[in-house]
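Not measured: the values here are computed from a predicted model. Chain letters run A, B, ... following the sequence lines, proteins first and then strands; every chain starts at 1.
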Amino acid sequence: MKRIPTNQLSNHAGEQVLVKGWVNRIRDMGGVHFLVLRDRTGTVQVVLEGGGLFNVALKPETALSVVGQVAVEPRAPSGIELRAEKIEMLSFPAEDLPFAVNQGATLRAGLDLIFNHRALSLRHPRLAAVFRIQAEIVHAFRTFLREQGFTEVHTPKIVAAGTEGGAELFPVRYFERPAYLAQSPQFYKQMLVGAGMERVFEVGHAYRAETHDTSRHLNEYVSLDLEMGFIDGVEDVMAVENKLLAILVEHLAKNCAREVSRLGATLPTVGQIPRVPLFEAQAAIKERHGKESPRGNLDPEGERLVSRWIEETRGSEWVFITHYPVTERPFYAMPALSEPELTESFDLLFRGLEVTTGGQRIHDYRRLVASICRFGLDPGDFEFYLDAFKYGMPPHGGLAIGLERLTMQLCGLDNVREASLFPRDRNRLTP
RNA sequence: GGCCCCGUAGUUCAGUUGGUUAGAACGCUUGCCUGUCACGCAAGAGGUCGACGGUUCGAGCCCGUUCGGGGUCGCCA
């Protein structure tokens with residue numbers, strides 16, 4: 001007999017069907033038992049009549065297979081129920097659950113416990129909702145970029161040297177040579193632009209060996225990267241992201257309404273995202289709150305204040321912060337035409353958190369070499385990268401979106417770890 | 001890594017000025033109940049109060065050390 005997902009049972013009223021799933025809840029009325037059976041699509045009420053007829057031990061989270069009659073029943077929560085005729089226990093919990101996944105709108109357990117029992121905690125619908133949304137974010141990212149002529153690529157995660165010199169790298173032993181986990185696909189996606197692909201994107205892991213231990217940092221995260229050639233300027237890159245986000249949010253509204261409401265989240269609107277030079281943002285929060293910013297940057301409180309300022313004055317939960325100083329950006333950042341101490345770069349803040357970094361890159365070979373030297377780095381260390389710039393590299397730029405950060409902000413989560421299935425942080429390497 | 005806060009039942013937490021037998025809710029076990037839907041009712045089990053040391057007649061409570069967790073800052077995206 002073919003298994004029917006619980007969300008399709010209404011199409012099978014009056015038929016005998018096979019359903020499989022987990023016991024979500026048991027209501028023992030003596031002569032009759034009501035089970036709420038949960039599968040990947042939802043839940044259904046299963047009715048067991050006749051007490052000892054089903055000689056099956058039942059506990060929450062038991063994996064079950066049930067054959068029964070689908071009945072239209074006004075007394076059932078969803079209007080239909082399954083009258084069990086045969087029950088087969090597929091797998092019985094070996095231990096009592098460390099927390100209940102069928103109680104209430106939120107899972108009552110600390111983050112540490114949740115991650116220690118990740119496979120179980122993800123059975124809670126609220127936690128599961130986060131990752132359905134995340135999957136749709138990635139889907140929308142892919143679909144949109146493919147339609148815009150981007151090619152999906154996969155670049156190495158084991159590399160010989162770092163990208164930007166700054167961030168800490170995880171060393172790995174690569175046979176007889178030292179190597180590192182890639183902190184970014186930056187070099188490779190630029191090279192592929194120059195390789196004639198023009199427009200590339202990647203959904204891949206990035207690794208940062210920073211010792212940070214905060215609610216917005218992971219040591220392994222998923223980077224939604226894109227890079228595009230033949231741009232007229234950094235505005236083209238911001239325009240692509242603006243359009244991408246508008247379509248992404250629209251996609252979520254259409255496909256994840258249930259998950260969004262289960263999380264109590266509100267999807268943002270995406271209009272024309274304001275673009276504000278860094279110095280202007282710094283001045284605004286200084287004037288409004290007396291907030292001093294670090295030189296050439298915003299600190300976490302500054303990001304929150306700038307977001308609040310833009311939301312109040314421009315009605316946008318998103319804001320591009322532009323024109324970061326050369327000293328605060330990597331060597332490949334394109335200096336601004338108007339002011340060579342600034343760059344054609346941007347960060348995107350969403351609800352008070354940086355979710356994207358992007359910019360135009362230096363495409364001229366000699367200029368790039370000079371920039372590397374100015375940063376105190378050795379061009380010899382970047383030979384394979386520089387080679388791509390020798391033979392007609394077009395003007396280009398791109399960006400990287402932190403998937404977990406975007407997910408976190410869209411879902412209204414307090415900690416970025418909650419937006420990672422199996423987070424890797426300063427203290428956690430398992431599961 | 002700095003600073004601040006917190007470690008009490010399986011879980012989330014309360015616990016008064018240091019005082020006798022450490023509580024609640026949910027979960028768990030057993031029994032009753034044929035329309036529940038957070039089912040209900042009755043009974044019950046469950047604690048080295050993170051660990052070690054100290055102060056005290058007496059420590060869950062005060063002090064020190066240590067381990068673990070959370071927040072925040074730094075760094076970073």
Side-chain angles (χ1 to χ4, degrees), chain A residues 24-36 43-51 53 57 59-61 71 73-79 81 83 93 95-117 120-121 124 162-169 183-184 186 206-225 294 297-304 321 324 328-330 345-350 353-359 399-406 408-409 414-417 425-428:
Chain A
N24 189 62
R25 191 177 284 277
I26 303 160
R27 298 191 191 97
D28 176 1
M29 309 302 296
V32 62
H33 287 61
F34 297 97
L35 305 185
V36 177
T43 58
V44 67
Q45 171 164 288
V46 178
V47 185
L48 281 67
E49 280 191 288
L53 187 62
K59 279 168 97 167
E61 301 310 314
E73 170 55 72
R75 290 175 296 182
S78 65
E81 64 186 20
R83 307 252 163 87
E95 289 183 19
D96 285 345
L97 308 180
F99 44 73
V101 294
N102 62 356
Q103 295 287 120
T106 57
L107 176 53
R108 208 172 55 181
L111 275 190
D112 213 41
L113 192 67
I114 284 174
F115 291 123
N116 286 342
H117 303 279
L120 179 63
S121 64
H124 193 284
T163 312
E164 307 166 22
E168 297 287 327
L169 298 164
Q183 60 173 205
S184 156
Q186 185 62 34
Y207 300 88
R208 302 287 165 97
E210 305 290 337
T211 57
H212 44 49
D213 187 10
T214 78
S215 56
R216 61 186 189 288
H217 289 99
L218 294 166
N219 291 294
E220 176 184 61
Y221 68 95
V222 175
S223 184
L224 303 178
D225 267 272
N297 219 137
L298 297 168
D299 60 22
E301 188 192 14
E303 291 181 356
R304 291 190 288 269
I321 306 298
Y324 284 80
E328 300 303 310
R329 295 304 235 200
S345 67
F346 64 90
D347 279 3
L348 176 68
L349 306 185
F350 173 41
L353 181 69
E354 177 184 337
V355 295
T356 293
T357 293
L399 58 83
I401 302 172
L403 174 62
E404 294 87 350
R405 281 192 178 185
L406 179 60
M408 163 189 181
Q409 294 304 84
D414 293 328
N415 195 309
V416 73
R417 292 169 178 85
D425 64 34
R426 187 74 180 83
N427 304 303
R428 183 171 288 280

- [ ] Not counting sequence neighbours, which residues clear salt bridge (Lys or Arg N to Asp or Glu O under 4.0 Å) with A:Glu61? List them please.
- [x] A:Arg38, A:Arg123
Open item on the list: Taking 4.0 Å as the cut-off, does a side-chain nitrogen or oxygen of A:Arg428 come that near to OP1 or OP2 on B:rG68?
Closed with: no
What N/O pairs connect the protein and nucleotides 28-31 of chain B at under 3.5 Å? Give each pair on its own line.
none

Task: Under the side chain to side chain contact (heavy atoms under 4.5 Å, CB included) test, residues paired with A:Ser215 that sit two or more places apart - done: A:Asn415
TODO: Using the C1' atoms only, state how far B:rC61 lies from B:rG23, rounded to an integer number of Å.
DONE: 15 Å
Task: Residue list, side chain to side chain contact (heavy atoms under 4.5 Å, CB included) with A:Pro77, at least two apart or on another chain - done: A:Gln45
Open item on the list: My understanding is that only residues two or more places apart in sequence, or in another chain, count here; which of them pass ring-ring contact (aromatic ring centres under 6.0 Å, His included) with A:Tyr324?
Closed with: none
Open item on the list: Could you spell out the base pairing of RNA chain B as a dot-bracket line? Use Watson-Crick and G-U wobble contacts where both distances are under 3.5 Å, [ ] for crossing pairs, | for partners on a different strand.
Closed with: (((((((..((((.....[...)))).(((((.......))))).....(((((..]....))))))))))))....
Open item on the list: Mind checking if A:Ala100 touches a base, just sugar-phosphate, or nothing, with heavy atoms under 4.0 Å?
Closed with: nothing
- [ ] Scan A:Arg426 against the nucleic acid and name what it touches under 4.0 Å (heavy atoms): base, sugar-phosphate only, or nothing.
- [x] sugar-phosphate
Open item on the list: If the condition is salt bridge (Lys or Arg N to Asp or Glu O under 4.0 Å), which residues does A:Arg428 pass it with, not counting sequence neighbours?
Closed with: A:Asp112
Open item on the list: Side chains of A:Tyr221 and A:Arg208 only: does a donor on one sit below 3.5 Å from an acceptor on the other?
Closed with: yes
Report each atom pair, protein N/O against N/O of nucleotides 8-10 of chain B, whose distance is under 3.5 angstrom.
residue, atom, partner, partner atom, Å
B:rG10, O2', A:Pro98, O, 3.0

Task: Those residues that, when tested against A:Arg108, pass side chain to side chain contact (heavy atoms under 4.5 Å, CB included) (two or more places apart) - done: none
Task: Counterpart residues, salt bridge (Lys or Arg N to Asp or Glu O under 4.0 Å), relative to A:Asp299 (two or more places apart) - done: A:Lys291
TODO: Write down the distance separating the P atoms in B:rC5 and B:rA42, rounded off to the nearest Å.
DONE: 44 Å
Task: Identified side chain to side chain contact (heavy atoms under 4.5 Å, CB included) counterpart of A:Arg405 within the set A:Leu218, A:Val222, A:Leu353 - done: A:Leu353
Open item on the list: Tell me whether the side-chain N/O atoms of A:Asn102 come closer than 4.0 Å to OP1 or OP2 in B:rC26.
Closed with: no
Open item on the list: Would you say A:Ser215 places a side-chain N or O within less than 4.0 Å of OP1 or OP2 belonging to B:rG71?
Closed with: no
Open item on the list: For A:Arg417, give me all partners under salt bridge (Lys or Arg N to Asp or Glu O under 4.0 Å), at least two apart in sequence or on another chain.
Closed with: A:Asp213, A:Asp425
Task: Under 4.0 Å protein heavy-atom contacts per nucleotide of nucleotides 35-46 of chain B, with B for base, S for backbone only and - for none - done: BBBSB-------
TODO: Using the P atom as the reference point in each nucleotide, state the distance between B:rA22 and B:rG46 in Å, no decimals.
DONE: 13 Å
Open item on the list: Please report the distance separating the P of B:rU48 from the corresponding atom of B:rA9, rounded so that it comes out in whole Å.
Closed with: 8 Å
Open item on the list: By the 4.0 Å heavy-atom rule, please label A:Asp347 as base, sugar-phosphate, or nothing.
Closed with: nothing
